[in-house]
Number of protein chains: 2
Amino acid sequence: MCHGKSCHHRRPRCPQGKIERFIEPCLLLLLSEQTSHGYELLENLEHFGIDPRCQDPGQVYRYLRRMEKEGLVVSEWEPGESGPARRSYRITGDGLAFLNSWVKTLEARVSIINKMLARYHKNQG
Amino acid sequence: MCHGKSCHHRRPRCPQGKIERFIEPCLLLLLSEQTSHGYELLENLEHFGIDPRCQDPGQVYRYLRRMEKEGLVVSEWEPGESGPARRSYRITGDGLAFLNSWVKTLEARVSIINKMLARYHKNQG
DNA sequence: TCCTTTTATATGTTATATACATATAGATGA
DNA sequence: TCATCTATATGTATATAACATATAAAAGGA
């Protein structure tokens with residue numbers, strides 16, 4: 001993954017049109033499947049089509065800490081199997097409920113974008 | 001529409017998950033269909049499922065001015081049929097091209113969100 | 001042993017975007 | 001004349017994302 005000091009990759013400039021706070025429901029979904037820690041979650045965001053090089057690692061850690069403060073997840077330190085200790089996160093009941101409401105929001109968003117795209121394509125056709 | 005001083009409607013608190021700068025492609029799409037002015041565009045955003053009470057009118061005018069500065073649209077003052085003068089906007093070639101690239105971006109976003117939603121629903125099923 | 005890389009977490013600062021509030025003014029009609 | 005509708009615009013605060021950097025344990029090679 002190379003986020004270390006020696007890595008000089010530049011994250012590509014990511015274009016507009018991001019979904020605000022989208023990594024939040026993604027993290028909650030991953031945690032609804034199994035407990036995990038920041039670094040692993042960062043890698044697994046890739047499964048959602050989020051280029052990990054596009055993703056600011058700092059943001060992931062900040063979201064996790066915030067979600068814990070809000071009671072959506074809980075964490076505890078855990079010795080690393082190989083490597084340094086990790087903060088292991090587990091989703092709570094509130095977290096699951098919040099994920100459900102996020103899903104409704106996202107479905108509404110998709111429907112709005114699709115309405116716009118349909119109108120665009122109708123004009124072209 | 002009641003945006004006047006005497007209107008005490010409060011815009012409902014709109015939840016997270018907005019698509020960043022989404023009104024920009026919506027405005028460009030509307031302008032690709034016909035020239036229009038800010039106030040009319042504001043009302044027509046409703047057709048995209050955007051609650052006009054959720055939409056800050058000031059944002060619409062700011063986006064129009066910015067897009068003009070960027071050469072995506074051009075404007076000229078026009079006497080109002082009834083009511084005050086309007087700034088009438090027309091889309092440019094650059095604006096049409098930009099709309100096309102926005103559409104690609106939005107299609108990519110939809111596919112990412114759908115991937116996430118599919119995974120969520122698979123877990124529930 | 002020293003140095004580099006990988007794994008892992010965290011925060012400071014700046015830039016951008018949105019939300020909220022308000023100012024201005026011409027036209028219309030009671 | 002006074003309220004309302006139409007119409008455009010900007011000031012400011014807050015939220016979000018982007019960019020940069022700090023820290024440190026463990027693993028492995030020279």
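In what follows, chains are A, B, ... by sequence order, proteins preceding strands, each numbered from 1.
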(message) I want to check something: taking the side chain as every heavy atom from C-beta on, are B/L96 and B/L72 in contact at a cut-off of under 4.5 Å?
(response) no
Please determine if a side-chain N or O atom of [X] lies less than 4.0 Å away from the OP1 or OP2 oxygen of [N].
X: B/R87; N: D/dT8; value: no
X: A/Y61; N: C/dT9; value: yes
X: B/R21; N: C/dA17; value: yes
X: A/K18; N: D/dA18; value: yes

Whole-Å distance between [N] [atom2] and [X] [atom1]?
X: B/R86; N: D/dA9; atom1: CZ; atom2: P; value: 14 Å
X: B/D56; N: C/dA21; atom1: CG; atom2: P; value: 10 Å
X: A/E20; N: D/dA17; atom1: CD; atom2: C1'; value: 10 Å
X: B/L64; N: D/dT10; atom1: CG; atom2: P; value: 12 Å
X: B/L45; N: D/dA7; atom1: CG; atom2: P; value: 15 Å
X: A/E43; N: C/dT7; atom1: CD; atom2: C1'; value: 9 Å
X: A/R62; N: C/dA8; atom1: CZ; atom2: C1'; value: 16 Å
X: B/H37; N: D/dT6; atom1: NE2; atom2: C1'; value: 8 Å

(message) Return whichever of A/G58 or A/E81 has its heavy-atom-nearest nucleotide of DNA chain C closer to the 5' end.
(response) A/E81
From C-beta outward on [X], which listed nucleotide comes closest to its side chain: [options]?
X: B/R65; options: D/dA9, C/dA8, D/dC19; value: D/dA9
X: A/Y89; options: C/dA19, D/dA26, C/dA10; value: C/dA10
X: A/P84; options: D/dA17, D/dA24, D/dA27; value: D/dA24
X: A/Y39; options: C/dT7, C/dC20, D/dA9; value: C/dT7
X: A/Y63; options: D/dA7, D/dT16, C/dA19; value: D/dT16

(request) Take B/I19 and A/E20, measure what side-chain contact (heavy atoms from CB on, under 4.5 Å) needs, and give me the verdict at the end. (result) CA-CA 6 Å; B/I19 296 93; A/E20 196 182 75; over 6 Å; no
(request) Would you mind checking if A/E107 and A/K104 are paired as a salt bridge, meaning a charged N to carboxylate O distance below 4.0 Å? (result) no
(message) What contact category does B/G38 fall into here, base, sugar-phosphate, or nothing, at under 4.0 angstrom with non-hydrogen atoms?
(response) sugar-phosphate
(request) Indicate, with a heavy-atom threshold strictly under 4.0 Å, whether B/Q59 touches base, sugar-phosphate, or nothing. (result) base
(request) Report the C-alpha separation of B/R87 and B/S75 in whole Å, then their side-chain angles, then the decisive distance to 0.1 Å, and conclude whether the side-chain hydrogen bond (donor to acceptor under 3.5 Å, both in side chains) test is met. (result) CA-CA 6 Å; B/R87 192 186 280 276; B/S75 75; 3.1 Å; yes
(message) With a 6.0 Å cut-off (strictly less than), is the heavy-atom count around CZ of A/R66, excluding the residue itself, greater than 12?
(response) yes
(message) Please check if the number of heavy atoms outside A/E76 that lie under 6.0 Å from its CD is greater than 12.
(response) no
(request) Measure from the side-chain N and O atoms of B/S88 to the backbone N and O of B/H37, and report whether any donor-acceptor pair falls under 3.5 Å. (result) no
(request) Check whether any side-chain N or O of A/T105 sits under 3.5 Å from a backbone N or O of A/S101 as a donor-acceptor pair, and report yes or no. (result) yes
Acceptor/donor pairs from residues 110-119 of chain B side chains to any protein atom, 3.5 angstrom cut, sequence neighbours excluded:
{"from": "B/N114", "atom 1": "ND2", "to": "B/V110", "atom 2": "O", "distance (Å)": "3.4"}
{"from": "B/R119", "atom 1": "NE", "to": "A/E33", "atom 2": "OE1", "distance (Å)": "3.4"}
{"from": "B/R119", "atom 1": "NE", "to": "A/E33", "atom 2": "OE2", "distance (Å)": "2.8"}
{"from": "B/R119", "atom 1": "NH2", "to": "A/E33", "atom 2": "OE1", "distance (Å)": "2.6"}

(request) Quick one: pull up CD in A/E70 and CZ in A/F98 and give me the separation to the nearest 0.5 Å. (result) 6.5 Å
(request) Compute the bend angle of the helix from C/dT1-D/dA30 to C/dA30-D/dT1 from the end axes (five pairs per end), rounded to 10°. (result) 10°
(message) Short of 4.0 Å, heavy atom to strand atom, which residues of residues 66-77 of chain A count as contacting DNA chain D?
(response) A/R66
